[in-house]
2 protein chains.
Amino acid sequence: MVDVRFSTSLQILLNLALRDREGDDLVTSQDLAQTLGTNPAFVRKLLIPLAQAGLVETFKGKTGGVKIARSPKKITLREIYEAAVDKNIACARETTNKSCPVGASMKSVFTGIVDGMESALRTHLQSKTLQHVLNQAKL
Amino acid sequence: MVDVRFSTSLQILLNLALRDREGDDLVTSQDLAQTLGTNPAFVRKLLIPLAQAGLVETFKGKTGGVKIARSPKKITLREIYEAAVDKNIACARETTNKSCPVGASMKSVFTGIVDGMESALRTHLQSKTLQHVLNQAKL
DNA sequence: CTTAATTGTAACCGACACAATTACAATAAG
DNA sequence: CTTATTGTAATTGTGTCGGTTACAATTAAG
């Protein structure tokens with residue numbers, strides 16, 4: 001299991017998009033948690049980076065809650081991915097033998113490879129919007 | 001830490017490519033393990049899928065060992081990645097509430113997204129050969 | 001045939017990541 | 001002041017996985 005945060009964040013945003021379309025104003029983390037089958041604190045933890053990325057807006061206090069910050073047409077999967085996932089998709093072993101020429105240059109070489117992979121991934125995700133996903137799911 | 005197998009498998013193949021170029025015939029897992037700073041059994045576990053993918057050839061018994069099966073020019077990073085990594089790069093939460101329309105269609109939708117991501121990744125990796133990596137590392 | 005060196009593999013261990021929970025402080029509305 | 005919310009710190013339970021040990025199977029050499 002690599003990272004469940006991406007799919008869960010996506011699911012949160014899909015729900016917020018629907019609720020927004022239905023005219024709801026704010027949705028509580030309690031409400032989202034029930035929909036996702038989890039607990040409010042976990043939802044709130046996922047919401048923090050989404051809010052920092054400007055994808056949702058959160059409001060504290062009584063009558064607080066969260067709502068989607070933009071039209072689903074203006075939110076790409078790349079933005080969601082980058083907000084939800086903070087680690088790289090691959091990494092090298094640390095304990096490699098530096099006296100071997102391969103081991104010595106391994107770190108920098110592999111960093112370059114991973115960068116290329118990440119870049120390819122992000123380019124792909126950039127072309128997909130939340131609205132595309134809504135359409136595909138017939139929502 | 002996502003998956004150290006990709007980088008380690010790559011490192012194994014880089015070593016085997018160099019040893020092959022130096023005229024060595026077979027390299028033992030013991031030998032590789034020392035170069036990588038790990039133990040022979042771990043190396044052998046990584047070699048199995050590489051052998052199944054036809055990237056290396058292993059030989060049992062006394063005087064046994066492993067060698068690279070093809071020219072580094074003919075080995076792509078995609079092949080190495082697919083041999084070394086068997087899990088998907090992302091997955092969905094299992095316990096999603098099916099009574100919610102988003103939750104109900106989440107699984108299939110997300111599967112499609114992950115497939116697209118994997119595909120983009122593989123396309124990128126396909127354009128890079130082991131020889132490219134050797135060149136870049138000045139080996 | 002025996003011995004030695006290897007791969008193949010099963011079983012296990014320990015550490016760490018991370019989903020999930022609990023609890024409580026901070027905030028804001030009424 | 002009370003109540004409902006977000007924010008967040010602390011904790012826990014557990015699954016994953018890198019790594020190790022051990023041993024069977026295999027093969028060459030003497």
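What you see is a predicted model, and the numbers here were worked out from it, not measured in a lab. Letters A, B, ... are given to chains in the order of the sequence lines, protein chains preceding strands, and every chain is numbered from 1.
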K.L.:
Just how far, in rounded Å, is P of C:dT6 from CD of B:Q34?
P.N.:
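Atom CD in B:Q34 sits about 12 Å away from atom P in C:dT6.
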K.L.:
Rounded to the nearest angstrom, tell me the gap between atom CZ in A:F6 and atom P in C:dA19.
P.N.:
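In whole Å, C:dA19 P and A:F6 CZ are 14 Å from each other.
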K.L.:
In whole angstroms, how far is the C1' atom of C:dT6 from the NZ atom of B:K67?
P.N.:
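Interatomic distance, NZ of B:K67 to C1' of C:dT6: 16 Å.
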K.L.:
What is the distance, rounded to the nearest whole Å, between atom CG of A:L26 and atom C1' of C:dT27?
P.N.:
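Going from CG in A:L26 over to C1' in C:dT27 covers 15 Å.
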K.L.:
Would you indicate, yes or no, if C:dT21 has its OP1 or OP2 atom less than 4.0 angstrom from a side-chain nitrogen or oxygen of A:T38?
P.N.:
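So the side chain of A:T38 is within the cut-off, an N or O lying under 4.0 Å from OP1 or OP2 of C:dT21.
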K.L.:
Would you classify B:I48 as touching base, sugar-phosphate or nothing, given that sugar-phosphate means primed atoms plus P, OP1 and OP2, and contacts are heavy atoms under 4.0 Å?
P.N.:
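Sugar-phosphate: the residue B:I48, judged by heavy atoms under 4.0 Å, touches backbone atoms but no base.
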K.L.:
Say whether A:N135 and A:Q131, considering side chains only, have a donor N or O and an acceptor N or O under 3.5 Å apart.
P.N.:
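There is such a pair (donor and acceptor under 3.5 Å, judged by atom type) between the side chains of A:N135 and A:Q131.
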K.L.:
Test of understanding: with side-chain contact (heavy atoms from CB on, under 4.5 Å), list the residues that count as partners of A:Q34, not counting sequence neighbours.
P.N.:
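With sequence neighbours excluded, A:Q34 shows a side-chain contact (heavy atoms from CB on, under 4.5 Å) to no residue whatsoever.
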K.L.:
Is it the case that the base of C:dT7 and the side chain of B:K45 share a donor-acceptor contact (distance under 3.5 Å, atom types as modelled)?
P.N.:
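Under the 3.5 Å cut-off, the side chain and the base do not form any donor-acceptor pair.
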K.L.:
Taking side-chain contact (heavy atoms from CB on, under 4.5 Å) as the definition, give me every residue that meets it alongside A:R70, ordered by chain and number, with sequence neighbours left out.
P.N.:
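side-chain contact (heavy atoms from CB on, under 4.5 Å) check on A:R70 returns A:L55, A:K74, A:I75, A:E79.
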K.L.:
Measure from the side chain of B:T28, starting at C-beta and using heavy atoms only, and say which of D:dA10, C:dT7, D:dG19 lies closest.
P.N.:
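My answer, after comparing the listed nucleotides, is C:dT7.
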K.L.:
In terms of the nearest nucleotide of DNA chain C, which residue is placed more toward the 5' end: A:R5 or B:G64?
P.N.:
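Counting from the 5' end, the first nearest nucleotide belongs to B:G64.
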K.L.:
Return a single string for nucleotides 21-30 of chain D, one symbol per nucleotide in 5' to 3' order, where B is base contact, S is sugar-phosphate-only contact and - is none, cutoff 4.0 angstrom on heavy atoms.
P.N.:
BB---BBB--
K.L.:
Let me know the distance between CG of B:D86 and C1' of D:dT16, rounded to the nearest Å.
P.N.:
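One finds 12 Å between C1' of D:dT16 and CG of B:D86, rounded.
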K.L.:
Got a sec, which residues hit salt bridge (Lys or Arg N to Asp or Glu O under 4.0 Å) with B:R44, two or more places apart in sequence or on another chain?
P.N.:
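Checked B:R44 against salt bridge (Lys or Arg N to Asp or Glu O under 4.0 Å); zero matches.
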K.L.:
Could I get the full list of side-chain contact (heavy atoms from CB on, under 4.5 Å) partners for B:A137, not counting sequence neighbours?
P.N.:
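Once residues adjacent in sequence are excluded, the partners of B:A137 under the side-chain contact (heavy atoms from CB on, under 4.5 Å) criterion are A:S105, A:V109, B:L139.
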K.L.:
Over how many whole Å does the gap from A:I12 atom CD1 to C:dA19 atom P extend?
P.N.:
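A:I12 atom CD1 is separated from C:dA19 atom P by 12 Å.
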K.L.:
Select one nucleotide: of D:dG18, C:dT6, D:dG7, the one nearest the side-chain heavy atoms of A:T58.
P.N.:
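Between D:dG18, C:dT6, D:dG7, the one nearest the side chain of A:T58 would be D:dG7.
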K.L.:
Is B:L26 isolated, or which residues cluster with it under the ILVMFWY side-chain rule of less than 4.5 Å, directly or via members?
P.N.:
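Other cluster members: B:F59.
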K.L.:
For B:L32 and C:dG8, give me the distance from atom CG to atom P, rounded to whole Å.
P.N.:
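Distance, rounded to whole Å: 12 Å.
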K.L.:
How many whole angstroms separate atom CG of A:D25 from atom P of D:dT5?
P.N.:
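My rounded result for the distance is 14 Å.
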K.L.:
Can you tell me how far NE2 of A:H124 sits from CE of B:M117, rounded to the nearest 0.5 angstrom?
P.N.:
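NE2 of A:H124 is found 7.5 Å from CE of B:M117.
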